[in-house]
Structures are given as C-alpha cells and as structure tokens.
J.: 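One structure follows; several queries about it will come next.
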Amino acid sequence: MGISVPSFFKERKFPFIFTLSLLLVCVSVLLFTNTNTPDPLFFYSDVHTSSSAQPIVIASPLPADTSNPITVPPIQNGPVWDETSIPVSVNFNWRLCTGSVAVDYIPCLDNFQAIKALKSRRHMEHRERYCPQPSPRCLEPLPKGYKVPVPWPESRDMIWYDNVPHPKLVEYKKDQNWVKKSDDYLIFPGGGTQFKEGVNHYTDFIEKTLPVIEWGRHVRVVLDVGCGVASFGGYLLDRNVITMSFAPKDEHEAQIQFALERGIPATLSVIGTQRLTFPDNAYDLIHCARCRVHWDADGGKPLLELNRILRPGGFFIWSATPVYRDDDRDKRVWKSMVALTRSMCWDVVAKTVDSTGIGLVIYRKPISFVRYFKRKENKPPICGPKDKKNSSWYVPLSSCVTLPPRSSWPLPWPNRLTSKPPSLATNPEAEEMFYKDTIHWSALVSDAYANNAAINWSSVRNVMDMNAGYGGFAAALTDQLLWVMNVVPVHVPDTLSVIFDRGLIGIYHDWCESLNTYPRTYDLLHSSFLFENLSQRCDMIDVVVEMDRILRPGGYLVVQDTMEMINKMRPILHSLHWSTAVHKDQFLFGKKGFWRPGRGSSKS
C-alpha cells in the first residue's frame, strides 16, 4: 500500500531513509577516491604534482642508449624511484677525473700546481686552500667495489673497506687501537693514542676531574683538534654532545674520510696561516689529544685562534706529553705554554693523570673582558677594530687577543635549542624573527620532509644545510638519528654564531668554490633560496658538480627556490642521471644514482 508524503513524515520513517541515503553517498565517495586517490605529498615524477590516475613518468635518466621512458602505475604507498630516460635540452660532455687522487679528489686541497709553487711550508701552508680556476668539471670515479654505506649506529664501529680503501693508517696505528681491518670491513675499537682504555673511560675521567663540564647539558658543542678517526666525537654523541672533528689532509691518510664514512661530524682543516672558518666565541669546549699543533709557534698565533673561537667561560683540554712527562723537551714546551696561557688570562682549573699514566690539563677562558685590561703588559695586544668580528674567510691568523663579549652562557641543553640565543641582536624584531623561523621550520620539516615517503630517512645520517640561516632546519631534525652541518654562505647575513648558541655546528663557505670534504660524504643536501643570489656570482653548473661530488650515491637533494632557479638546475641534474621532481612550484627533489661516465667522455 502506498504511503503519502504527509503520512511519511507523520510516521517518522524519514530518519531511516535519510541514514540509508547518507551511507550510499559515503560508499560512492569511497569507491571514487579508491580509483582517483591523489598520491602522497610529493610526486617524484617529471611533472608537477597531479591527482590524475594516469601512469607517471619518473624523471631519472638512463644512459643515452635507452630512448623510451619507463612508466609505472599510479603511486599508492609513496613515491617510487625508477630509472628512466628523459630529454635533456642542454648537452653536457662529462668526463671522469684522472690522476692518482681522482677517486678522492678535493679540488681546493689537491691543487698540486699551486702547492708546488709555495715559497714556504713552515706554517702548514701546503695543507690550506688553493682553488683552481676555472673550477674543474670532472666527476670523481667510484672506488672499485663501492657499496651502500653501513647504516648508523653500526657504522660508528665498522665501515666497508672498499668504500675507503686506505690501509696506511691501519698499519701506522696498529698498536694504538685506532682502526683495524677485518675481512671486508674496517673496525674502529674506540681507542686512540691517549685513550688506552677506550674513549668512554677517557671522557668519564674528564668529567670526574671537572664535574662542571657536565657532558650534554652544560657542554654541548665541542671542537676536536687533530681528531684522528674521530672516535672522541663519535662516542660523545651518546652523551648528547655534538663534536666538530677536524684534521688536515696529510700523511694520516683519509682520517677525516674514515670519520665521515662512520657517520661522525668532521671537516678538513688546519691551523696554519689562516683563521678557521668558525665564528668568534663559538665552542663550549676545545679538545686536543696529541694533536701535533705547536701552540706557542709564531708568537702563539695557533692558541690565540683557539681563544677567538672558544666561548667565554669555555674549556680547553690539552692531553699531551708536556703535561705529564718531565724530559727536557717536554719541560720546555710546558714552560712556554704556561707563559702563553697566563698572558691570555686563561686559568688552569685542573691538571691530573689517570690510571693509565695519561695526563691532561684543563684551561678555562675568562668570562669578563676586564681582566685583560689589568695585565702588566699588553702582550699579546687586544684586537682592534680592524680585526672584524667573525671575519674568518681567507683571513690571516691574528696575533692579538679577542675580547669576550658581554653575553651569558646559553641555557642547558636541550633548552638552548629553542631559547633566545645570547648572540642574537637585542632588538625585538630580531627575537620575533628568530621564533617565527623556528616555528616555520618545525612545521615544514614535520609536515613535508620527515613524513615524506620518498626519502628513506633510515639511510640518512650525514646532512648538510647549504644555506642554514638560524639553523631552523637542523633544529627541527634533532630527534632524528642524524646530524647536520650548517653552512652560512659568506655572501649572506652572518647567523653562524646563533647556530652555535643553539647547540648546533656549522661553517662558513663560499659555494662558488669547492668544499673542504671528501667525495661521497653526505647523505642529504638541503638548501632554501640559495641559488638566486649565488647564480649572479658563479656558474650553476659548477655548483651542481660540487653537489654531485660530495653527495653519496643514493643520496638526496632537497631545494626550495624559485622556478627560474629550479628550471636551470634540473637539466644539469638530469645530465648526471639524477632522478628529480618538482612540488608546488618551489621544491626540487633529487636523488643521485651510481652512474659515472665511461673512460674519456660521455655526452648526455
């Protein structure tokens, strides 16, 4: 029997019908979205982001003998990297680097023509930077048998020998527990010349000697001078201490390359005639264990450089034979060190010897500048206006004392990461900009980068931010099992002091030149609006070649920039057989493969 509309409402059957209709609508929507679901946040394809269900063309070129692109089904569980050829609008004639150092070529440190022409090597001039002009555009060959690196944390203790096939240090330091070879691996037992019972015993000894050091809370940012294979810094990571380990490229073959392959922060540098590429008052603690630096040389310039970069109230730990031996040579060195440190107003806060017979002395830099004006002699003199603060890019070492600023020690870690940095400008606008920058990067990394299925974060350990700003990108990643080298380019406003205040590490650099690091040392390179200004100073091709040099095969590139810059960069990356993708007209993503050109030349 039919039901009239009035009786339908009167009998209150409409809720059932309404509910049934709503269910039908929901089912229809689900069925529709199941076949037309947009992919996750980023598409790693040769086209911009799209919700089309058509097959996607992946922008990863193969060698030129493959002409047709490979297509893959629509991505449902995250972007897929695939090998495909795409047309490249510009011809590049890539060739392999040649010569005895081709596999580990560092252009600005391996300029043998410039080194040969040096008039003196007395002050380690032959270990400093001499960048060739024009920049070389060859590609470093892979070591024979190169493999995907051992992941962290296993890599701290073992790496593939074929990735860093240098046996000299194994033989040279075989009795000091630096490194050993075992089958296909290099093993790092955690020992060293001064770490006879291991690094953990040594760092425990330091903290017991001076409890105020309080690893990972009061002391967060450390510099290890002449670091060897960087086991000191590697083990301090367990204590929430981030250590910049550095040493020159010298006869201790590939020690910094070992450190980076292990996943430990490190850089190539030397205390020679030029300032280190760090800001003033940066490090909480500086460490030297038999680092072979003559601190009193040239009027004490090497130690005065440490004074420049050591934070007021910071510590210098020196573990060397003059501290605990009494032969004539060691006595002379110790006497000279006493005179120099007193003239710099440094205090000896501890001097001791541990159970293994290894001794150390701990100095502390003054907090106040007043003490320097109370010295009997103005020697070394106080630095004047010409010694510009934080100026350290190709700047000669100074023979003067840098006065400590009127600023406090940062808050204990981890509070210092997000609190106002002591070196930040005092005006309210700067503080507001800093906090906004922190919020911006926290949101961007959380929403876009960290949850991006296209990046296998478990394979990412060594990260470089090429234009770090306040270090917001690195700060947002501190909970991950990785570390970030923050680079402040020399042609942008200087924010590196803020980065160190936050408990992070970094360097100054000019991206128109090659970086002081070995090939294949970073897993991910990141930059935010770097290239527009940079492209006015140097050729984009040279910058991309340098990125290809320092990124490991299988590593990632994340660039935020204008589409003009992205469109200039993509053809170069494609010619190098990288996979690329663009998202929202401002993000370029790339992934480097294992491709290298054949012997001679190879056109793409």
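Keep in mind it's a predicted model, so treat the numbers as computed, not measured. The analysis underlying the following values was restricted to heavy atoms, covering all of them including side chains, and did not include hydrogens, waters or symmetry mates.
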J.: So does Arg95 get a backbone contact from the side chain of Arg596, meaning a donor-acceptor N/O pair under 3.5 Å?
T.: no
J.: Could you tell me whether a side-chain N or O of Asp110 sits under 3.5 Å from a main-chain N or O of Tyr105, the two making a donor and an acceptor?
T.: no
J.: Do Val484 and Leu504 have side-chain heavy atoms sitting under 4.5 Å apart?
T.: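 Heavy-atom side-chain distance check fails, nothing below 4.5 Å.
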J.: Is a side-chain donor-acceptor pair under 3.5 Å present for Gln257 with Asp104?
T.: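 The criterion, which ignores hydrogens and geometry beyond distance, is satisfied for Gln257 and Asp104.
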J.: Among Val222, Leu223, Asp224, find the residue that satisfies the side chain to side chain contact (heavy atoms under 4.5 Å, CB included) test when tested with Met244.
T.: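 Only one option passes, and that is Leu223.
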J.: Could you verify whether a donor N or O on one side chain and an acceptor N or O on the other, from Ser514 and Arg549, lie under 3.5 Å apart?
T.: yes
J.: Atom CG in Leu524, atom CG in Leu482: separation rounded to 0.5 Å?
T.: 8.5 Å
J.: Got a donor-acceptor contact below 3.5 angstrom from the Lys591 side chain to the Phe589 backbone?
T.: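 A pair under 3.5 Å: no.
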J.: Rounded to the nearest 0.5 Å, what separation is found between the CG atom of Leu186 and the OG atom of Ser155?
T.: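 It comes to 12.5 Å.
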J.: Tell me, with the steps shown, if Leu557 and Met569 meet side chain to side chain contact (heavy atoms under 4.5 Å, CB included).
T.: CA-CA 12 Å; Leu557 172 69; Met569 189 179 297; 4.3 Å; yes
J.: Can you tell if the side chain of Val545 reaches within under 4.5 Å of the side chain of Trp94, non-hydrogen atoms only?
T.: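 Counting from C-beta outward, Val545 and Trp94 do come under 4.5 Å.
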J.: If we ignore angles and hydrogens, is there a donor and acceptor under 3.5 Å between the side chains of Glu128 and Gln274?
T.: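 No, Gln274 and Glu128 have no side-chain donor paired with an acceptor closer than 3.5 Å.
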J.: With rounding to the nearest 0.5 Å, note down the distance linking OH in Tyr470 to CG in Leu424.
T.: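 Tyr470 OH to Leu424 CG: 5.5 Å, rounded to 0.5 Å.
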J.: Contact between Pro414 and Thr478 at the side-chain level, heavy atoms closer than 4.5 Å - yes or no?
T.: no
J.: Can you check whether Tyr146's main-chain N or O pairs, donor with acceptor, with Asp162's side chain at less than 3.5 Å?
T.: no
J.: Cation-pi check, Lys592 to Trp578: give yes when NZ or CZ is under 6.0 Å from the six-membered ring centre and within 45° of the ring axis, no otherwise.
T.: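 No, a cation-pi geometry is absent between Lys592 and Trp578.
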J.: How long is the span from the CG atom in Leu588 to the OG1 atom in Thr562, to the nearest 0.5 Å?
T.: 11.0 Å
J.: If every non-hydrogen atom of Ile242 is compared with every non-hydrogen atom of Gly503, which pair is closest and at what distance?
T.: CG2-O, 3.5 Å
J.: Does the ring centre of His509 sit less than 6.0 Å away from the ring centre of Trp393?
T.: yes
J.: Using 0.5 Å steps for rounding, measure from the CG atom of Leu530 to the CG atom of Leu525.
T.: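 Reported value, rounded in 0.5 Å steps: 11.0 Å.
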J.: Output yes when a side-chain donor or acceptor of Thr495 lies under 3.5 Å from a complementary backbone atom of Gly469, and no otherwise.
T.: yes
J.: Do NZ/NE/NH1/NH2 and the carboxylate oxygens of Asp238 and Arg156 come within less than 4.0 Å?
T.: yes
J.: Is the distance from the ring center of Tyr283 to that of Phe500 below 6.0 Å?
T.: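 Between Phe500 and Tyr283, which both carry aromatic rings, the centre distance is below 6.0 Å.
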J.: Between Asp501 and Arg416, is the closest basic N to carboxylate O distance under 4.0 Å?
T.: no
J.: Could you go step by step and tell me if His526 and Tyr449 meet the ring-ring contact (aromatic ring centres under 6.0 Å, His included) rule?
T.: CA-CA 11 Å; His526 172 266; Tyr449 295 166; 5.6 Å; yes
J.: Can you confirm whether Lys436 is buried at NZ, in the sense that more than 12 heavy atoms of other residues, nucleotides or ligands lie under 6.0 Å from that atom?
T.: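 It does not: Lys436 NZ has 12 such atoms or fewer within range.
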J.: Looking only at the side chains, is there a donor atom on one of Asn467 and Trp511 sitting less than 3.5 Å from an acceptor on the other?
T.: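 Side-chain D/A pair, Asn467 to Trp511: absent.
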J.: For Lys568 and Asp539: C-alpha separation, side-chain torsions, deciding distance, then whether salt bridge (charged side-chain N to carboxylate O under 4.0 Å, His left out) applies.
T.: CA-CA 11 Å; Lys568 287 182 179 179; Asp539 197 316; over 6 Å; no
J.: Once you measure the plane-to-plane angle for Phe188 and Phe258, does it fall in the parallel (<30°), tilted (30-60°) or perpendicular (>60°) bin?
T.: perpendicular
J.: Shortest non-hydrogen contact from Ala254 to Val164?
T.: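 Looks like CB-CG1, 4.2 Å.
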J.: Between Tyr185 and Val150, is the side chain to side chain contact (heavy atoms under 4.5 Å, CB included) condition met? List the steps.
T.: CA-CA 10 Å; Tyr185 296 96; Val150 176; 4.2 Å; yes
J.: Going through the checks in order, is the salt bridge (charged side-chain N to carboxylate O under 4.0 Å, His left out) test met by Asp284 and Arg220?
T.: CA-CA 7 Å; Asp284 304 337; Arg220 159 69 182 175; over 6 Å; no
J.: Measure the shortest side-chain to side-chain distance between Cys512 and Leu534 over non-hydrogen atoms and say whether it is less than 4.5 angstrom.
T.: yes
J.: Is the shortest side-chain heavy-atom distance between Arg552 and Glu261 below 4.5 Å?
T.: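 Of all side-chain heavy-atom pairs linking Glu261 with Arg552, at least one is under 4.5 Å.
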J.: Measure the spacing between CD1 of Ile566 and CG of Asp585 and express it to the nearest 0.5 Å.
T.: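 With rounding to 0.5 Å, CD1 (Ile566) is 8.0 Å from CG (Asp585).
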J.: Which pair of non-hydrogen atoms, one from Val488 and one from Pro493, has the smallest distance, and what is that distance?
T.: CG1-O, 3.9 Å
J.: Are any side-chain N or O atoms of Asn516 and backbone N or O atoms of Leu268, one a donor and one an acceptor, separated by less than 3.5 Å?
T.: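 It does hold such a pair.
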J.: Determine yes or no for a side-chain-to-main-chain donor-acceptor pair under 3.5 angstrom, with Asn462 supplying the side chain and Asp523 the backbone.
T.: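 No; zero donor-acceptor contacts below 3.5 Å.
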J.: What is the minimum heavy-atom distance between Leu551 and Tyr522, and which atoms define it?
T.: CD1-O, 3.2 Å
J.: Do side-chain atoms of Trp483 reach the backbone of Gly263 as a donor and acceptor pair under 3.5 angstrom?
T.: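 Between the backbone of Gly263 and the side chain of Trp483 there is a qualifying donor-acceptor contact (under 3.5 Å).
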J.: Side chains of Arg502 and Thr438: does their closest heavy-atom pair fall under 4.5 Å?
T.: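 They are in side-chain contact.
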J.: Check the side chains of Asn240 and Trp413 for a donor-acceptor pair under 3.5 angstrom, ignoring hydrogens and angles.
T.: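 No, Asn240 and Trp413 have no side-chain donor paired with an acceptor closer than 3.5 Å.
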J.: So, the side chain of Asp510 versus the backbone of Glu513: is there a donor-acceptor pair under 3.5 Å, distance only?
T.: no
J.: Might you point out which heavy atoms bring Met565 and Ser535 nearest each other, and give the distance in Å?
T.: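 Between these two residues, the closest heavy atoms are SD-OG, 3.7 Å.
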J.: Going by heavy atoms in the side chains, are Met485 and Asp465 under 4.5 Å from each other?
T.: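 They are not in contact (no side-chain heavy atoms under 4.5 Å apart), so the answer is no.
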J.: Do side-chain atoms of Asp280 reach the backbone of Ile309 as a donor and acceptor pair under 3.5 angstrom?
T.: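 No; judged by distance alone, with no hydrogens or angles, the pair does not exist.
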J.: Counting only heavy atoms from other residues, nucleotides and ligands, does the tally under 6.0 Å from CE of Met433 exceed 12?
T.: no
J.: Is it true that Trp595 and His574 have ring centroids separated by less than 6.0 Å?
T.: no
J.: Would a 4.5 Å heavy-atom cut-off, applied to side chains only, mark Gln586 and Asp561 as touching?
T.: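 No. Closest side-chain heavy atoms not under 4.5 Å.
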J.: May I ask you to check whether Phe594 and His577 place their ring centres under 6.0 Å from each other?
T.: no
J.: Go through the steps to decide whether Arg275 and Tyr394 satisfy the test side chain to side chain donor-acceptor pair (under 3.5 Å), and finish with yes or no.
T.: CA-CA 7 Å; Arg275 284 185 172 184; Tyr394 291 120; over 6 Å; no
J.: Run the numbers on Thr580 and Arg570 for side chain to side chain donor-acceptor pair (under 3.5 Å), then give the verdict.
T.: CA-CA 7 Å; Thr580 68; Arg570 290 189 85 195; 3.0 Å; yes
J.: Can Ile256 and Thr267 be said to form a side chain to side chain contact (heavy atoms under 4.5 Å, CB included), step by step?
T.: CA-CA 7 Å; Ile256 292 299; Thr267 186; 5.9 Å; no
J.: Considering non-hydrogen atoms only, spot the tightest contact between Ser527 and Met466 and give its length.
T.: CB-CB, 4.0 Å
